[in-house]
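Proteins come first, then strands; the chains are lettered A, B, ... in the order of their sequence lines, and each starts at number 1.
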Amino acid sequence: MPKELGKTYQPQEVEAAIYAMWTEGGYFAPKKGDKPAYTIVIPPPNVTGQLHLGHAFDNALQDALIRYKRMDGYEALWMPGTDHAGIATQIVVEAELRKTEGKSRFDLGREAFIKRVWEWKEKYGNRIVEQLKKLGSSCDWNRLRFTMDEGLSRAVREVFVSLYDKGLIYRGNRITNICVSCQTALSEAEVDYEEQEGKLYHVSYPLSDGTGFLTVATTRPETMLGDAAVAVHPNDRRFAGLIGRTVLLPLMNREIPVIADEYVDKEFGTGCVKITPCHDPNDYDVAKRHNLPELLIMNQNGVINANGGKYAGLTREQARKAVLADLEKDGLLIKTEPHPHNVGTCARCHQNVEPMASEQWFVSMKELAAPAIAAVKEGRTKFVPERFEKLYLHWIENVRDWCVSRQIWWGHRIPVWTCSACGNVFAMREDPESCPHCYSIDLVQDPDVLDTWFSSALWPFSTLGFPDDTEDLRRFYPTDVLVTAYDIIYLWVARMIFSGIEHTGKEPFHTVYMHGLLRDANGKKMSKSAGNGVDPLEMIDQYGTDALRIYLTSLANLQGGDMNFAPDRCEHFRNFCNKLWNASRFVLSNLGDTGGWTLPESLSLPDMWIVTKLQGLVYDVTAHLDKYELNLAIQKLIDFIWDDFCDWTIELSKNQLRHDDTKEATQQILAYVLETSLRLLHPFAPFITEEIYQSFPDGLRGSPSLMIAQWPEPEDRLRFNHEAGQMELLMDAVRAVRTRRSEMKVPPSKKAAWTVETQHQELFESHAWVFKSLAGASDVTFGAAAEGAVQIVTSGATIALPLAELVDLEAEKARLAKELASAQKEYDVLSAKLQNPGFTEKAPERIVLAERERLAALKERIERLSP
RNA sequence: GGACAAUUAGCUCAGUUGGUAGAGCAUCCGCUUGACGUGCGGAGGGUCAGCGGUUCAAGUCCGUUAUUGUCCACCA
């Protein structure tokens, strides 16, 4: 029996039960069908994460795709999981530790701290998963993975050791970006550059022989403590005589040479550059070329070390102040000028990073990048929209070696050991018990952990069982499409591509569907500090999940551009859900004895029209989904359901349901169109469509859940183009009369007899009920208009309404004359176009044909309008 | 410095191979029409940033200018 549906849709009352029903039914698990596997891996949210709008958007798109493919017979797997998010998680747990116990991670020690993080993860790590479920995400939750699971950790080991053995991972001392707040190295992709209002300090370095000064310009004066030289351009005449001599480094009283190097830009600053090998990447290179000594003056925590002389123990900020003050005192600070420049900041904590020399592990990129470039250039991996390919290629073609070691504790420990006995350094898949070289058991493991993205890069195959050759891996890998925002192309997407190729021999997905970022209603970036963030869960409470999802889906655009989210615009989509709800109530309360949602044997003209429209919709929605044009798909669905189905089909059905001879067929057509529409809408609005579907009587449900109902296919036999065109004539007449009546302020309750002059008399006569139902016709007769009637010229007919008492005859004449003039003008333009051989010969036939028809229609209209 | 994108109705934005410019919101006018006022019917409002080009035909393709935004590189 059909469930009783309330007058308005109340999403809060049904969503949880629907989700539970899906879960209990086991519908999220992939089912073998007549089509192959279709796989999407979720971009794993951080375990520390709270659901934000970006997740909601990304997941709405993925869920729509996976639900569509599942209904379409594919063995659809949406692989879920979470990321351990090394630094981010460690920061969160450290903060909590400091707050609740006033302790640092060092107070606890490494093992105890890691235990704490695991406890935290067990307690809070599933919060984001529960939130994803609220969105209706149809992930196969039984497969939930975590990047630090045993299996995934094994994948990390395998990949590390395999790269190490191939010589593609090495340890090296070089300038790396260090976050002194997180106290770890970062990869270049984790550094954000931002323009800061800095200062350029001009500092005098006296020549050792006391004959003068050289003035250098610097933005980081504290680094002068580590200076190894002053460099000038070899062709710079100003300093030609000074090359090879020495200056006395102020404050440190060290003699350093003046060298010549082409790196120096003569035009910039003073033309003299201080060379600080350990604290600037360019200086490092210069130092290598000139064999300069390397002097590190700062620790990873940003505190000046013993090499900094009397400044040792000061933080970098304190050191800068002290150095400047001392220079000032010595009269060596010549000038300070404002100098806006780009400064690298830590992507996690937004503190300025400190470039400094340190020992780190690197992945050698050149060899790995080559096939990843080819994969995209040769089309095995495609980006949608295509323009993102350029970004990807530009990055990977210029990629530098990847710094993968992090000086934190939460993450995959680098599987490299050093033998204290023989000094052997080796990487192993299993923790070793003794040195493979000298069998000593005195082994020390590298203290660092791997970059979080090292494990994320393996996600498409590590989640499916790699490194084991599992059935899942064979069936679901390579995956199909990766859906994510463009801001992690380098951090994640590119690394998955080269990792997938290197370790599995296959590109991890054939399509990368990229989208933009959500901004607030004014186009501003959403952020906690600005307080303009929108909580999707609040949106769900207020408007329902489906309304939020439809709105988000409609925001996607074909350029992958950023989108502005205005919370109150959810209302429109909430209204749409309610509209669908009520349309369904109407259809369900008028089912009668309809035994199924098959079409009636004979179709009326309006039936043929809506069925034809529906075929077009099936075709369009499917095509848009296949092309990742989800915004267009949802727009067409809304237009069809609201405008075509509700405003025309349902309105007309009210008349047809009153007559015994048309009642049953009408019931059937309503059920048929509604049921098909629900299936098409389901990927976008899973809850409401399922709730309505479950309210259908048993005979009308082909499947226990709409989730696993079959995706509709367009049927050519149900395209009635001619009849649909006839219907449009009737609709034009309805609209034309409505407009005129409205202009003349005739209340809808006032009916009027129509006198129609038309070549389509049979059509208009047999469908007089349409005009009576929708356009206030009391009677429809045929013939010439009576004197003083209001004449309405529409496509195919002139309709006369006897509303003489409401009409100013002169105004009426003027209006008709104006319409005639405008029609005539349009006719002239069109006829000139059709007389142009350039057009008739070169334009496609269908266009010419359509224009000829338009011309004929205009001609007829002009005749009708002519007095 | 380089690259990419955007510029369409008062506002926010769609616009899928070039083929008569669309939506929502806002505004205005009507409506106790038996699914829905979270609704129904109707109206006004646009030289699609400027200029030039290709084409029978340009919001759509090409060039150029302007403005805005993003990314990359990098200036001690």
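Rounded to whole Å, atom P of B/rG42 lies 13 Å from atom CD1 of A/Ile792. Computed from coordinates, the A/Ile550 CD1 to B/rU38 P distance equals 18 Å when rounded to whole Å. Distance CG (A/Leu518) to P (B/rC13): 12 Å, rounded to an integer number of Å. Separating the CD1 atom of A/Ile488 from the C1' atom of B/rU70 is a distance of 17 Å, rounded to the nearest angstrom. Going from atom CE of A/Met563 over to atom C1' of B/rC13 covers 12 Å, rounded to whole Å. Put simply, CD1 on A/Ile275 is 8 Å from C1' on B/rA76, counting in whole angstrom units. The distance from atom OH of A/Tyr284 to atom P of B/rA76 is 21 Å, rounded to the nearest whole Å. A straight line from CZ of A/Phe576 to C1' of B/rG37 spans 18 Å, rounded to a whole angstrom.
Among the protein residues, A/Phe565 comes within range of no part of the nucleic acid, since none of its heavy atoms lies under 4.0 Å from any strand. Residue-level contact check: A/Tyr9 touches neither bases nor backbone, having no heavy atom under 4.0 Å from any strand. The residue A/Ala566 sits apart from the nucleic acid: no heavy atom pair falls under 4.0 Å. Using a 4.0 Å heavy-atom cutoff across all strands shown, A/Val216 reaches no nucleic acid atom at all. The residue A/Arg574 sits close to a base: some heavy atom pair falls under 4.0 Å.
Heavy-atom contacts from other residues, nucleotides or ligands closer than 6.0 Å to NZ of A/Lys382 number 12 or fewer. Within 6.0 Å of the CD atom in A/Glu197, the count of heavy atoms belonging to other residues, nucleotides or ligands exceeds 12. Crowding of A/Glu386 atom CD: a count of heavy atoms from other residues, nucleotides or ligands under 6.0 Å not exceeding 12.
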message = ring-ring contact (aromatic ring centres under 6.0 Å, His included) for A/Phe268 and A/His339? Distances and angles first, verdict last.
response = CA-CA 12 Å; A/Phe268 188 87; A/His339 181 64; 5.8 Å; yes

Verdict with reasoning, A/Lys274 to A/Thr276, per side chain to side chain donor-acceptor pair (under 3.5 Å) = CA-CA 6 Å; A/Lys274 61 194 258 326; A/Thr276 320; 2.8 Å; yes

query = Could you go step by step and tell me if A/Glu354 and A/Arg316 meet the salt bridge (charged side-chain N to carboxylate O under 4.0 Å, His left out) rule?
reply = CA-CA 9 Å; A/Glu354 201 64 36; A/Arg316 54 181 178 165; 2.6 Å; yes

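OP1 and OP2 of B/rG39 both lie 4.0 Å or more from every side-chain N or O belonging to A/Trp642. The phosphate of B/rC31 has neither OP1 nor OP2 within less than 4.0 Å of any side-chain N or O from A/Lys750. The phosphate of B/rA76 has OP1 or OP2 within less than 4.0 Å of a side-chain N or O from A/His339.
Taking all atoms of both residues into account, the shortest heavy-atom contact from A/Lys579 to A/Cys646 is CE-CB, 3.7 Å.
Taking a 4.0 Å limit (strictly below) on heavy-atom distances, residues 644-656 of chain A reaches RNA chain B at A/Cys646, A/Asp647, A/Ile650, A/Glu651, A/Lys654. Near RNA chain B, meaning a heavy atom under 4.0 Å away, the residues from residues 738-748 of chain A are A/Arg738, A/Thr739, A/Ser742, A/Lys745, A/Pro748.
At a cut-off of 3.5 Å, with distance as the only test, no side-chain donor of A/Glu675 or A/Ser677 sits close to an acceptor on the other residue. Side-chain contact annotation: A/His290 with A/Asp261, donor-acceptor N/O pair under 3.5 Å present. A/Tyr205 and A/Asp227 share a side-chain donor-acceptor pair at under 3.5 Å. Under the 3.5 Å distance criterion, with hydrogens and angles disregarded, a donor-acceptor pair is assigned to the side chains of A/Ser795 and A/Asp732. Counted by atom type alone, A/Asn177 and A/Glu190 present zero donor-acceptor pairs between their side chains at under 3.5 Å.
B/rU68 and B/rU20 have their P atoms separated by 35 Å, given to the nearest Å. Taking the P atoms as reference points, B/rU32 lies 15 Å from B/rG41, given to the whole Å. Taking the C1' atom of each, B/rG46 and B/rG59 are spaced 11 Å apart, rounded to whole Å. Going from the C1' atom of B/rG63 to that of B/rG22 covers 29 Å, rounded to whole Å. Of the C1' atoms belonging to B/rC71 and B/rA57, the separation is 37 Å, rounded to the nearest Å. As rounded to the nearest Å, B/rU8 and B/rG30 have C1' atoms that lie 31 Å from one another. B/rA76 and B/rG50 are spaced 42 Å apart, taking the C1' atom of each and rounding to whole Å. Comparing B/rG10 with B/rC4, their C1' atoms sit 31 Å apart, to the nearest whole Å.
With rounding to the nearest 0.5 Å, the separation of CZ in A/Arg854 from CG in A/Leu830 is 4.5 Å. Rounded to the nearest 0.5 angstrom, A/Cys577 SG and A/Phe687 CZ are separated by 11.5 Å. Rounding to the nearest 0.5 angstrom, the gap separating the CD1 atom in A/Ile847 from the CZ atom in A/Arg852 is 13.0 Å. Going from atom CD of A/Glu826 over to atom CD1 of A/Ile862 covers 8.5 Å, rounded to the nearest 0.5 Å.
The ring-ring contact (aromatic ring centres under 6.0 Å, His included) test with A/Trp395 singles out one residue from A/Tyr486, A/Trp492, A/Tyr490, and that residue is A/Tyr490.
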Structure string for RNA chain B in dot-bracket form, Watson-Crick and G-U at under 3.5 Å, | interchain = (((((((..((((.....[..)))).(((((.......))))).....(((((..]....))))))))))))....

Could you go through nucleotides 58-63 of chain B and list every protein N or O atom that sits under 3.5 Å from one of its N or O atoms, giving the distance for each pair?
none

inquiry  = Output one letter per nucleotide in nucleotides 15-28 of chain B: B when a protein non-hydrogen atom lies under 4.0 Å from the base, S when only the sugar-phosphate is that close, - when neither is.
reply    = SB--BB---S----

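The 5' end of RNA chain B is approached more closely, in terms of each residue's nearest nucleotide, by A/Asp192 than by the other of A/Gly271 and A/Asp192. Between A/Asn590 and A/Thr218, it is A/Asn590 whose nearest contact on RNA chain B lies nearer the 5' terminus.
Judged by distance alone with a 3.5 Å cut-off, no donor-acceptor contact links the side chain of A/Asn578 to the base of B/rC36.
Taking only side-chain atoms of A/Asp265, from C-beta outward, the nucleotide of B/rA76, B/rC36, B/rA5 with the closest atom is B/rA76. Among the nucleotides B/rG42, B/rU70, B/rC36, the one closest to any side-chain atom of A/Tyr486 is B/rU70.
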Which atom pairs, donor and acceptor, lie under 3.5 Å between side-chain atoms of residues 634-645 of chain A and protein residues at least two apart or in another chain?
residue, atom, partner, partner atom, Å
A/Gln635, NE2, A/Asp639, OD1, 3.2
A/Lys636, NZ, A/His624, NE2, 3.0

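Looking at A/Val273 and A/Val230, their side chains never come closer than 4.5 Å, going by heavy atoms from C-beta outward.
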